Amino acid sequence: EKGGYGTFMEKEIHDQPKAVEDTLLGRTDASGRLVLDELRIDPDELKGISKIIVLACGTSAYAGMVAKYAIEHWVRVPVEVELSHEFRYRDPIIDDSTLIVSLSQSGETMDTLMAVRYAKEQGARTLAICNTNGSTIPRESDAVLYTHAGPEIAVASTKAFLAQITASYLLGLYMAQLRGKLFQGEIEDILADLHKIPAKIQEVLDGADDIRQLARDMAQAPSVLFLGRHVGYPVAMEGALKLKEIAYIHAEGFAAGELKHGPIALIDEGQPVFVVVPSPHGRDSLHAKVVSNIQEVRARGAKTITVAEVGDADVVDYSETVFYVPETQPLLMPLLTTVPLQIFACALAAEKGYDVDQPRNLAKSVTVE
Ligand code: F6R
């Protein structure tokens, strides 16, 4: 059942090309237009939405952050992302033109369920992106978009995360199509690039021996920092969470721009720092700014490990190790840059002899508040 792998987590990391592919499957008609019939929500209602609030916890909330960057860019509707347990206990501004998008692998996370119920009571429309058919959150939501990652057994989420990001892109593109915010040709180009992602994930998986070797070499590291910017920021947060969860190593993710506002004080000789580097083809100057962050931490003695787009020569001089991922559109990069970080955490935990699938103190679905 582990498909020849030693742990479910390893298997699920290797299931990711299929998880993304299956989540994309059957979402377009013969003319290439996105059809999300299963949504069960009136397209006119989606057209009238004035604000989206994404609610989730943990890894799913990081998928929500990626969703924000993509949906705001494509649909031009404001998107807030909030941890479900914080949302309910403030006084959020919601009305019937608010769309709540919940992200949950299990569909049973109590904090997210309660937040969705609360938003419904306040008159919001609710849409669930969920990996578990017939679970509570989609049942209680007005609309549902299932991720097709297949059952996720390891406690630490991997393939469900990539599937959630994929489904969020589909939702964004669908809304952009409904609201006429992108040309049909632009949507088709993005979809075509999405369909190329599974083979690119496979390339990352096939070239992962160096990452596993690095993990073995770093098994004694007391703390690891992760930096990213734009969609690389949630990827950095996710890389840190994986390491905390299964390898019990102190790890922090930061937005790279925050470095000089505090975290750079943590850098001293030998401190490992992973940097998720934005695409050199993305927003002007973002790439250069992150490259100079790498230089800054390196100059203070950090051991720099970068995850960058293939061909990015600018990072080489300042990186102790570079992991390259294939090229894609800047917004789609998390589907590739996350993978080396998952492999790193999994290999490091295994090296330490920990139970990768069942980390201490954690449950697969958190059904208490
Ligand atoms: C991290 C992890 C947790 C979950 C979180 C939400 O690897 O598994 O952080 O992402 O508990 O769970 P779901 O998505 O089931 O609502």
Side-chain angles (χ1 to χ4, degrees), residues 1-2 7-9 11-13 15 19 23 38 40 53-65 67 80-90 92 94 99-122 124-165 167-168 234 237-238 240-248 342 345-346 349 354-369:
E1 47 176 16
K2 292 180 190 154
T7 61
F8 280 109
M9 186 173 175
K11 172 187 178 283
E12 288 162 6
I13 288 172
D15 282 347
T23 300
E38 67 176 71
R40 310 185 305 230
I53 305 177
V54 179
L55 298 176
C57 303
T59 287
S60 298
Y62 300 143
M65 289 168 66
E80 296 170 19
V81 186
E82 191 154 2
L83 297 168
S84 313
H85 35 87
E86 284 297 317
F87 174 78
R88 282 182 64 213
Y89 292 97
R90 57 182 185 91
I94 317 168
L99 177 68
I100 298 291
V101 175
S102 65
L103 285 170
S104 177
Q105 188 286 128
S106 62
E108 302 294 346
T109 299
M110 186 57 78
D111 285 317
T112 301
L113 174 61
M114 298 307 273
V116 168
R117 280 187 187 157
Y118 175 80
K120 255 184 110 168
E121 281 164 21
Q122 310 293 310
R125 296 279 140 275
T126 55
L127 186 157
I129 293 180
C130 184
N131 196 47
T132 311
N133 261 300
S135 56
T136 311
I137 296 170
R139 272 197 282 115
E140 293 202 10
S141 300
D142 298 317
V144 60
L145 184 56
Y146 280 111
T147 48
H148 296 150
E152 193 177 63
I153 310 294
V155 164
S157 184
T158 54
K159 64 177 179 175
F161 178 65
L162 293 203
Q164 287 168 332
I165 293 173
S168 303
M237 300 296 288
E238 172 62 2
L241 181 61
K242 286 287 92 88
L243 210 53
K244 296 176 208 181
E245 280 184 295
I246 61 169
Y248 317 141
Q342 297 167 332
C346 188
Y354 296 143
D355 183 343
V356 170
D357 290 335
Q358 296 282 347
R360 68 188 183 202
N361 307 339
L362 293 173
K364 181 65 184 162
S365 70
V366 184
T367 52
V368 291
E369 273 191 82

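Residue numbers count from 1 along this sequence. Just so it is clear, the model here is predicted, and its values are computed rather than measured.
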Q105 and F161: CA distance, side-chain angles, deciding distance, side chain to side chain contact (heavy atoms under 4.5 Å, CB included) verdict: CA-CA 8 Å; Q105 188 286 128; F161 178 65; over 6 Å; no

Derivation and outcome, side chain to side chain contact (heavy atoms under 4.5 Å, CB included), residues S84 and T109: CA-CA 9 Å; S84 313; T109 299; over 6 Å; no

Pair I137-C130, side chain to side chain contact (heavy atoms under 4.5 Å, CB included): steps then yes or no: CA-CA 8 Å; I137 296 170; C130 184; 5.7 Å; no

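The CZ atom of R88 sits 7.5 Å away from the CG atom of D111 when rounded to the nearest 0.5 Å. Distance check, rounded to the nearest 0.5 Å: CD of Q342 to OG1 of T59 gives 9.0 Å. From Y248, atom OH reaches atom CG of L243 across 12.0 Å, with rounding to the nearest 0.5 Å. Taking CD from E369 and NE2 from H85, the interatomic distance works out to 10.5 Å, rounded to the nearest 0.5 Å. Summarising the geometry, atom CD belonging to E82 is positioned 11.0 Å from atom SG belonging to C57; distances are rounded to the nearest 0.5 Å.
Using a 30° and 60° split on the angle between ring planes, Y118 and F87 fall in the perpendicular class, above 60°.
For the pair V101 and I129, the tightest heavy-atom approach, listed with the atom from each and the gap, is CG1-CD1, 3.9 Å. Residues D15 and K159 approach most closely at OD2-NZ, 3.2 Å, considering heavy atoms. A163 and T147 make their closest contact through O-CG2, 3.3 Å (heavy atoms, listed as atom of the first residue, atom of the second, distance). Taking both residues in full, the closest heavy atoms of A167 and L145 are given as O-CD2, 3.6 Å, listed atom of the first, atom of the second, then distance. A pairwise comparison of heavy atoms in I100 and A119 identifies CG1-CB, 3.5 Å as the closest pair. Here the closest non-hydrogen pair linking A156 and I246 is CB-CG2, 3.8 Å.
Although no hydrogens or angles enter the test, the distance criterion places no donor-acceptor pair under 3.5 Å between the side chain of N131 and the main chain of S104. Between the side chain of R125 and the backbone N or O of L99 there is no donor-acceptor pair closer than 3.5 Å. Listed for the K2 side chain is no donor-acceptor partner under 3.5 Å among the backbone atoms of M9. The main-chain N or O of S141 is found under 3.5 Å from a side-chain atom of R40 such that the two form a donor-acceptor pair.
Defined by atom type and a distance below 3.5 Å, a donor-acceptor pair is missing between the side-chain atoms of E108 and S135.
Salt bridge annotation for E238-K242: present, with a cationic side-chain nitrogen under 4.0 angstrom from a carboxylate oxygen.
By the 4.5 Å heavy-atom criterion applied to side chains, K120 and D142 are counted as neighbours.
By the side chain to side chain donor-acceptor pair (under 3.5 Å) test, D357 pairs with no residue at all, sequence neighbours left out.
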For a quick test of your reading: what N or O donor-acceptor pairs under 3.5 Å do the side chains of residues 358-368 make, sequence neighbours left out?
| from | atom 1 | to | atom 2 | distance (Å) |
| --- | --- | --- | --- | --- |
| K364 | NZ | E152 | OE1 | 2.7 |
| K364 | NZ | A154 | O | 2.9 |
| K364 | NZ | V155 | O | 3.3 |

